[in-house]
Amino acid sequence: MKRLALAVFAVLTVSGLWWQYSCRSTTQTNEPATPSELFARGTVAELKFADRVLAEHGGTCARAARELVRAQLWFEYGVLPDDASGTGAISGETVRATTCLDEAVAAGLLAFAASDHELVEVSLARTRELAGSHSIAAGHRHWLQGLVALAADQPEAMQQAIAGLAQATVEHPDSIALARMHANLYLRTGEGRRAQEILTAARKRATHHMGLAADEAIVNAVMRTQQSGVADLTDQLLAYGPDVLSPPDRARALIARAIVHIHMGEREAGLTKLERGWTLIPSWDHITREAALELALEAGDAARARTWLRDASMYLQAQQQEIFTAWALLVDGRLRDALAALAKLPQRHPRVAYLQGLALVEQRRMDEAVPWLTRAQKYLPRRVELDVALARARVVTGDRKQALRKLRGLAEEEPFAPRALTGLGEAYLAQGDDARMLGKAHQVLLRAVEQEHLPAEAMMQLAELWRRQRVNAPEGDAKALEWLQRATETNPHVPRYRLELALHLVSLGEYGQARPMLIQLFAEPGVDARVPMALARIAIVEIETEKTSQKLPEAFETWLTRAQENGADADEIVRIRARAARVSGTRRQQRRASTQLREQLDRLPTQVETRVLLIELLLAQHAYDEAETILRKGLRLVPDDLRGRLYASWAIIELRTGSPRQAMFHALHAWRRMRAEQRPTAELFAIADLAARLCIRKELDAQGLRVAREFTQMFPQHADGWHLRAWVEWSLNETSKARQSIAKAIELHPDTAEYHQMSAKIFARQGAKKRAAAASRRAEELLEQPGGP
């Protein structure tokens with residue numbers, strides 16, 4: 001901050017003397033400045049004056065020196081002397097024959113501007129051959145070498161150029177152009193600190209040089225340091241006209257200011273300056289060009305970046321274009337496409353590591369992301385988005401509390417950093433179900449939705465937050481569904497969001513909505529193993545509820561095979577096959593499944609789902625005594641807070657063995673426990689339905705009504721819950737309340753025939769014959785529709 005404050009002060013104090021200093025062309029001893037001294041100082045005015053001085057000299061090398069001055073003036077600043085005649089007189093045919101070092105360097109500059117790479121190499125070779133001969137800028141061949149190395153974006157070439165410039169700046173310490181190029185190369189190779197040191201030393205020698213101030217602004221902006229100082233300095237620079245600040249330097253000042261705007265959350269102001277700066281960037285300034293492209297992508301403007309990439313195709317190397325193209329895919333949320341594009345690029349490139357790390361975090365592949373992020377941090381320091389991404393990964397792979405502290409600090413210091421708020425919300429959620437942590441997560445994630453570009457992940461985390469509170473918050477399921485739908489709409493390219501939406505619908509028992517989504521996901525490459533597993537479960541559930549034939553679909557085995565190929569848990573596949581055998585298998589298949597489940601229980605005695613499935617299979621085989629033995633053993637082994645489903649199984653055993661009253665008590669007990677365990681809504685409805693109907697059957701009316709009302713209070717968007725409540729109220733002759741309940745069920749699912757049938761019964765009991773008849777007709781219409789129940 002102190003250094004940039006001094007730079008601002010220098011701009012303020014010196015600018016008033018700018019014209020007087022630039023035009024007098026003398027040293028402080030009033031001795032006339034030589035062309036070499038003028039070239040070394042390197043401002044627009046001094047280069048123009050050197051051009052006029054050299055015009056008075058004769059000789060071949062004097063003319064060559066003048067051409068170098070003009071080429072540098074045009075190349076570095078984008079302007080020509082007042083008398084532009086003769087500019088560009090150096091031709092490619094003369095390069096090999098020239099004996100003037102300045103002519104060879106000038107030819108290289110002009111060839112570079114014309115994208116004549118072969119002639120550039122010829123010129124560079126000739127400059128090496130003429131090294132040591134007379135020149136107004138003997139070290140400037142290293143400037144040309146650095147320019148070519150920057151354009152090639154090849155680390156080895158840049159290191160060679162840095163070595164040459166290190167020697168040249170010692171031999172020619174007054175050359176501002178050499179210092180600027182030296183700093184550019186260090187910045188491009190990730191050694192921003194060295195770049196800052198070089199610019200600081202150069203500015204002490206040339207406080208009047210506005211280009212140095214612009215360089216310092218862009219270096220600090222790119223390095224994400226001294227942001228307030230960058231803002232002050234660039235605001236002062238941009239206040240000057242073109243006679244003080246050249247277009248290329250103005251471009252750097254604009255891009256630097258835009259970087260600060262974006263990082264401070266001032267997106268529109270940043271993009272406006274970015275657009276203005278882009279049009280002024282010279283062809284050779286790849287650092288500023290890439291900083292502009294990076295900033296557009298950081299701001300989430302992939303469309304602008306793609307347009308600029310087309311404009312810059314002649315200036316950027318193919319590899320650079322491919323990296324930015326992959327980055328644009330990442331910004332659009334097309335994570336799979338971005339990773340596929342990055343996989344084709346050199347894996348040691350720092351930006352490839354940077355982008356792969358960010359993409360893998362977005363895919364929640366945290367273990368894979370950490371090595372890439374660590375590597376990227378080494379070569380691209382002070383990137384707050386890398387700090388955020390690594391801390392997000394550590395929430396999953398490391399110390400959650402430490403990761404929370406890190407993300408809290410990052411969100412406070414850099415609230416507009418990409419995913420800082422989403423990461424903090426994730427960290428709060430990772431601490432458990434503490435109400436205080438959940439409240440903080442909710443606040444932070446809502447801010448992320450408002451502030452972030454493409455905040456689908458924040459929406460996903462909000463859905464998870466509401467799912468955790470679904471039992472205690474009546475709107476929990478509906479809110480989770482709403483946020484999952486918004487996440488899917490916000491970023492339709494990420495299959496994970498669509499998968500979580502489908503799985504949530506499965507948990508709600510909305511199989512008809514979930515199935516087509518899962519089938520579509522199954523057809524996509526890299527399918528998650530949970531997709532075919534969910535499709536298999538739905539097929540089984542629909543047989544259990546008698547909504548389809550007793551035959552499994554032909555694709556059932558294909559689904560399980562794909563699930564196994566994609567890494568599904570082998571024990572879970574065994575359980576699914578056991579469920580399939582229970583609902584549609586032969587006696588032999590059921591016995592085999594029972595044997596496999598017993599083997600699982602021997603290895604995993606506290607696995608509740610395996611134990612419940614084995615009990616159900618034994619009941620299907622009428623092995624009631626063994627089923628009860630398996631149950632009671634489970635009640636001894638399974639932790640108390642996980643026994644809810646075992647009590648539900650006990651209710652089924654009692655019901656099958658002729659003890660409905662005892663079954664009712666176990667069902668009520670299971671209902672209370674499964675609520676506390678926050679089991680999926682479809683499971684909770686099944687046990688609530690069983691408990692309520694058994695209570696009515698055994699004339700415990702108040703208990704049955706309480707269960708039905710508790711369920712609709714917890715899950716007010718669950719249509720089957722309202723249908724159950726309507727049935728209970730109708731059974732208890734509370735027809736007015738039953739009418740309200742079934743109306744709510746029909747409002748939620750108007751095309752369910754069963755609801756209209758219940759409505760007809762209620763209207764009939766109330767004596768509303770016409771309305772009962774209308775409800776019956778509607779039920780019949782729905783039953784006759786293709787695919788109707």
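The figures that follow rest on heavy atoms only: side chains count, while hydrogens, waters and symmetry mates do not.
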Do any N or O atoms from the side chain of [X] and from the backbone of [Y] form a donor-acceptor pair under 3.5 angstrom?
X: R383; Y: Y354; value: no
X: R250; Y: Y240; value: yes
X: R205; Y: I176; value: no
X: H453; Y: V331; value: yes
X: D174; Y: E37; value: no
X: R334; Y: A326; value: no
X: T207; Y: K204; value: no
X: E452; Y: T422; value: yes

Check step by step if side chain to side chain contact (heavy atoms under 4.5 Å, CB included) holds for I262 and R267.
CA-CA 5 Å; I262 297 296; R267 184 174 184 272; 4.3 Å; yes
Heavy-atom closest contact ([X] atom, [Y] atom, distance):
X: A179; Y: A202; result: CB-CB, 4.0 Å
X: V219; Y: G192; result: CG1-O, 4.3 Å
X: T234; Y: A217; result: CG2-CB, 3.6 Å
X: L424; Y: L407; result: CD1-C, 4.0 Å
X: L280; Y: P247; result: CB-O, 3.6 Å
X: L54; Y: I136; result: CD1-CD1, 4.3 Å

Stepwise salt bridge (charged side-chain N to carboxylate O under 4.0 Å, His left out) check, R194 with E197
CA-CA 5 Å; R194 297 294 301 274; E197 292 168 2; 3.8 Å; yes
Where do V105 and W143 land on the side chain to side chain contact (heavy atoms under 4.5 Å, CB included) test, with the steps shown first?
CA-CA 9 Å; V105 176; W143 192 93; over 6 Å; no
Would you call the rings of W308 and W278 parallel, tilted or perpendicular if under 30° counts as parallel and over 60° as perpendicular?
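Answer is parallel, since the angle falls under 30°.
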Is there a side-chain contact between [X] and [Y], using heavy atoms and a 4.5 Å cut-off?
X: L342; Y: L345; answer: yes
X: L410; Y: K406; answer: yes
X: M223; Y: L187; answer: yes
X: K48; Y: L73; answer: yes
X: L68; Y: F39; answer: yes
X: L110; Y: L119; answer: no

Euclidean distance, [Y] [atom2] relative to [X] [atom1], rounded to 0.5 Å:
X: E216; Y: Q196; atom1: CD; atom2: CD; result: 7.5 Å
X: L199; Y: Y186; atom1: CG; atom2: OH; result: 12.5 Å
X: K273; Y: E266; atom1: NZ; atom2: CD; result: 8.5 Å
X: Q319; Y: E322; atom1: CD; atom2: CD; result: 7.0 Å
X: D249; Y: T288; atom1: CG; atom2: OG1; result: 9.0 Å
X: L254; Y: L274; atom1: CG; atom2: CG; result: 9.0 Å

For L185 and L165, run side chain to side chain contact (heavy atoms under 4.5 Å, CB included): C-alpha distance rounded to whole Å, both residues' side-chain angles, the deciding distance at 0.1 Å, then the answer.
CA-CA 10 Å; L185 284 161; L165 282 162; 3.2 Å; yes
Taking atom types as modelled, is there a side-chain donor on H263 or E298 under 3.5 Å from an acceptor on the other?
yes
Could you walk me through whether M181 and H142 pass the side chain to side chain contact (heavy atoms under 4.5 Å, CB included) check?
CA-CA 9 Å; M181 181 58 70; H142 296 290; over 6 Å; no
R392 and E362 ion-paired at < 4.0 Å:
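Looking at R392 and E362, the cut-off is met.
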